[in-house]
Engineer: 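Provided herewith is a single structure, encoded as structure tokens, for subsequent inquiry.
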Number of protein chains: 2
Amino acid sequence: MSVESLSALDRSTLRERSLEALRSAILSGRYRPGDHLGEVELAGSLGVSRGTVREALRHLQQEGLVTAGNRGMLRVNSLSPAEVHELFRVRAALEGLAVREVIASPRRESAAEKLRAAVERLSDEDEPAVRMEADLAFHLLLCQLSGNSMLVEAWQRLEGRMRVAILNGASWQAPMMARDRHVPIVEAIEQGDVDAAVRVVDEHMAGAAEHFARATESA
Amino acid sequence: MSVESLSALDRSTLRERSLEALRSAILSGRYRPGDHLGEVELAGSLGVSRGTVREALRHLQQEGLVTAGNRGMLRVNSLSPAEVHELFRVRAALEGLAVREVIASPRRESAAEKLRAAVERLSDEDEPAVRMEADLAFHLLLCQLSGNSMLVEAWQRLEGRMRVAILNGASWQAPMMARDRHVPIVEAIEQGDVDAAVRVVDEHMAGAAEHFARATESA
DNA sequence: GACGTGACGACTGTCGACAGTGGCTCCCCC
DNA sequence: GGGGGAGCCACTGTCGACAGTCGTCACGTC
């Protein structure tokens with residue numbers, strides 16, 4: 001019997017798997033904003049106990065994907081156009097910090113290289129959902145390359161709401177996620193021009209905010 | 001019987017009250033970083049069931065106050081000096097956005113007024129713990145006055161970790177929370193000088209980071 | 001017909017119990 | 001003396017059940 005014939009077992013808890021299942025169910029549009037998420041119903045569907053889904057739901061609540069309505073009943077959350085603008089301004093502030101730190105980092109060149117690769121991955125994709133993933137992956141990578149773990153964490157806490165905003169106002173042909181929109185960021189980093197880099201990020205986010213907010217209000 | 005004779009009842013759930021109790025127990029130093037938080041023990045102390053404290057603990061975990069160790073056992077979290085620096089840089093980015101938005105707001109003057117009052121409240125206090133509260137209240141107010149709800153939310157998600165950093169490296173005579181340190185921020189806002197305001201905030205945070213990181217590593 | 005009232009159903013809040021899993025100790029055997 | 005199990009203990013993961021609360025609907029009374 002070969003050593004390779006046995007792979008490590010999946011040791012994730014039911015709570016973690018429930019969390020993942022619920023998150024992707026919401027993010028895939030299986031549940032629409034405003035929909036009521038009943039604990040019993042979900043527990044039945046997932047085949048786990050109520051307590052287990054409860055913990056997963058509470059997690060999603062803290063992530064901002066669901067919100068508490070009357071008497072603790074949870075609903076899928078949605079964002080107003082104003083909130084979308086606010087959200088992207090916060091994101092701009094965080095990613096502005098990210099580019100500043102990447103530029104100041106001694107590994108700036110290797111970082112720029114990785115970012116270029118991420119941009120190319122973005123232009124390869126046609127499927128809208130995959131494009132969105134590639135876009136988010138690029139921006140997450142930007143934060144990670146800053147080497148600031150608290151920044152990464154803060155960004156990820158925003159991720160859920162960002163996905164809501166994107167999904168809610170999903171005019172999928174969004175030029176926001178185009179390759180051309182991201183190249184300037186990488187170029188500014190390569191040139192070590194902090195002011196230009198921050199300005200480019202700000203503009204990128206302002207454009208995205210405008211786009212998704214408009215799509216949200218027309219929905 | 002007067003209308004006033006009956007006040008509204010406290011409708012908070014046991015989970016919420018457990019959460020509050022645990023949070024203040026950790027933040028007051030009742031539990032030290034690294035201490036193990038057993039569900040059974042806590043449930044016994046608080047007089048509630050395990051499931052209830054469990055949910056509260058999970059919430060604190062997402063806040064970053066506790067972290068999962070071996071086999072899901074939770075411990076009180078602590079921050080490395082490097083993480084303290086990172087944390088305060090993120091904070092600087094967020095509060096930099098806050099001052100920019102406050103200055104751009106049409107209610108800038110009334111905002112500056114409220115901030116002045118908050119600064120004065122800070123100088124009135126002698127008790128260290130109360131000073132810390134006043135300091136955090138000032139910075140939270142700054143975010144709130146920006147009118148950006150997402151910013152407030154992002155800041156509050158950092159609050160737990162900030163309190164850990166402050167508590168962990170608690171050289172209480174910290175000049176960081178002095179009145180003089182905060183006045184320049186308000187002044188820059190009053191004068192509408194965006195660049196100066198952002199610079200002041202950055203310096204404020206850099207100083208605080210240096211201070212608390214140093215205190216953390218010597219502990 | 002409008003209003004108060006009672007029953008019913010659908011939720012969530014909370015609890016106690018069982019099961020599985022590592023870590024630890026102690027003992028046996030080589 | 002050292003190594004390896006067996007057994008015990010302290011934990012967390014997961015579950016099913018009970019209780020309390022609110023919305024709804026039908027019913028009876030003025």
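Only this structure's heavy atoms are used, side chains among them; waters, hydrogens and symmetry mates stay out. Chain A is the first sequence line, chain B the second, and so forth, proteins listed ahead of strands; every chain is numbered from 1.
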Engineer: From the list C/dG13, C/dT21, D/dG13, which nucleotide is the closest neighbour of the side chain of B/E39?
Structural biologist: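 Minimum distance to the B/E39 side chain belongs to D/dG13.
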Engineer: Taking 4.0 Å as the cut-off, does a side-chain nitrogen or oxygen of A/R50 come that near to OP1 or OP2 on D/dC15?
Structural biologist: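 No.
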Engineer: B/L19 has an atom CG; how far is it from atom P of C/dG13, in whole Å?
Structural biologist: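 From B/L19 CG to C/dG13 P: 14 Å.
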Engineer: Could you give the CG-to-C1' distance, from B/L42 to D/dT12, as a whole number of Å?
Structural biologist: 13 Å
Engineer: Using atom CG of B/D10 as one end and atom P of D/dT21 as the other, report the distance to the nearest whole Å.
Structural biologist: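 From B/D10 CG to D/dT21 P: 13 Å.
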Engineer: Find out whether A/N77 and A/V66 are in side-chain contact, i.e. whether some heavy atom of one side chain is under 4.5 Å from a heavy atom of the other.
Structural biologist: no
Engineer: Check this for me: does any side-chain nitrogen of one of A/E120 and A/R116 sit under 4.0 Å from a carboxylate oxygen of the other?
Structural biologist: no
Engineer: Would you mind reading off the distance between B/L74 atom CG and D/dC11 atom P, rounded to a whole angstrom?
Structural biologist: 13 Å
Engineer: For A/R17 and B/E41, find the nucleotide of DNA chain D closest to each by heavy atoms; which residue's nucleotide sits nearer the 5' end?
Structural biologist: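 The answer here is B/E41.
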Engineer: Out of D/dC15, C/dG13, D/dT12, which has the shortest distance to the side chain of B/M73?
Structural biologist: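 The nucleotide sitting nearest to the side chain is D/dT12.
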Engineer: Starting from P on C/dT21, measure out to CG on A/L14 and report it in whole angstrom.
Structural biologist: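 From A/L14 CG to C/dT21 P: 13 Å.
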Engineer: Determine the minimum heavy-atom distance between A/E86 and B/M150, stating which atoms define it.
Structural biologist: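 In terms of heavy atoms, the two residues are closest at OE1-N, 3.5 Å.
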Engineer: Can you check the A/H36 NE2 to D/dC22 P distance for me, whole Å?
Structural biologist: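 Taking NE2 of A/H36 and P of D/dC22, I get 16 Å after rounding.
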Engineer: Between B/R23 and B/E63, does at least one N-O distance fall below 4.0 Å, as a salt bridge requires?
Structural biologist: yes
Engineer: It should be established whether A/N70 places a side-chain nitrogen or oxygen under 4.0 Å from OP1 or OP2 of nucleotide D/dG23.
Structural biologist: yes
Engineer: OP1 or OP2 of D/dG13 sitting under 4.0 Å from any side-chain N/O of A/R11?
Structural biologist: no
Engineer: Under 4.0 angstrom, heavy atoms only, what part of the nucleic acid is B/L37 near: base, sugar-phosphate, or nothing?
Structural biologist: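 Result for B/L37 = sugar-phosphate.
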Engineer: Ignoring backbone atoms, establish whether B/R58 has a side-chain N or O less than 4.0 Å from OP1 or OP2 of D/dG13.
Structural biologist: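 Yes, because at least one side-chain N or O of B/R58 sits under 4.0 Å from OP1 or OP2 of D/dG13.
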Engineer: So how far is it from A/N168 CG to A/R32 CZ, rounded to the nearest 0.5 Å?
Structural biologist: 7.5 Å
Engineer: Base, sugar-phosphate alone, or nothing: which one does A/G38 contact when heavy atoms must sit under 4.0 Å apart?
Structural biologist: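 Answer is sugar-phosphate: A/G38 comes under 4.0 Å of backbone atoms only.
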Engineer: Less than 4.0 angstrom between a side-chain N/O of B/S49 and OP1 or OP2 of C/dT14, yes or no?
Structural biologist: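 No, because none of the side-chain N or O atoms of B/S49 sits under 4.0 Å from OP1 or OP2 of C/dT14.
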Engineer: Check this one for me: any side-chain N or O of B/T52 less than 4.0 Å away from OP1 or OP2 of C/dC15?
Structural biologist: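 Yes.
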Engineer: Is the phosphate of C/dT12 approached by A/R54 (side-chain N or O, under 4.0 Å from OP1 or OP2)?
Structural biologist: no
Engineer: Ignoring hydrogens and angles, does a donor from either the side chain of B/R71 or the base of D/dG13 sit under 3.5 Å from an acceptor on the other?
Structural biologist: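 In this structure, the two groups form no donor-acceptor pair.
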Engineer: Just N and O in the side chain of A/T13: are any of them under 4.0 Å from OP1 or OP2 of D/dT12?
Structural biologist: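 False: A/T13 side-chain N/O out of range (4.0 Å or more) of D/dT12 OP1/OP2.
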Engineer: Rounded off to whole Å, could you give me the CD-to-C1' distance for the A/E55 and C/dT12 pair?
Structural biologist: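 A/E55 atom CD is separated from C/dT12 atom C1' by 15 Å.
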Engineer: Looking at every heavy atom in both A/G69 and A/R75, which two are closest together, and how far apart are they?
Structural biologist: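 Shortest heavy-atom separation between A/G69 and A/R75 comes out as CA-NH1, 3.4 Å.
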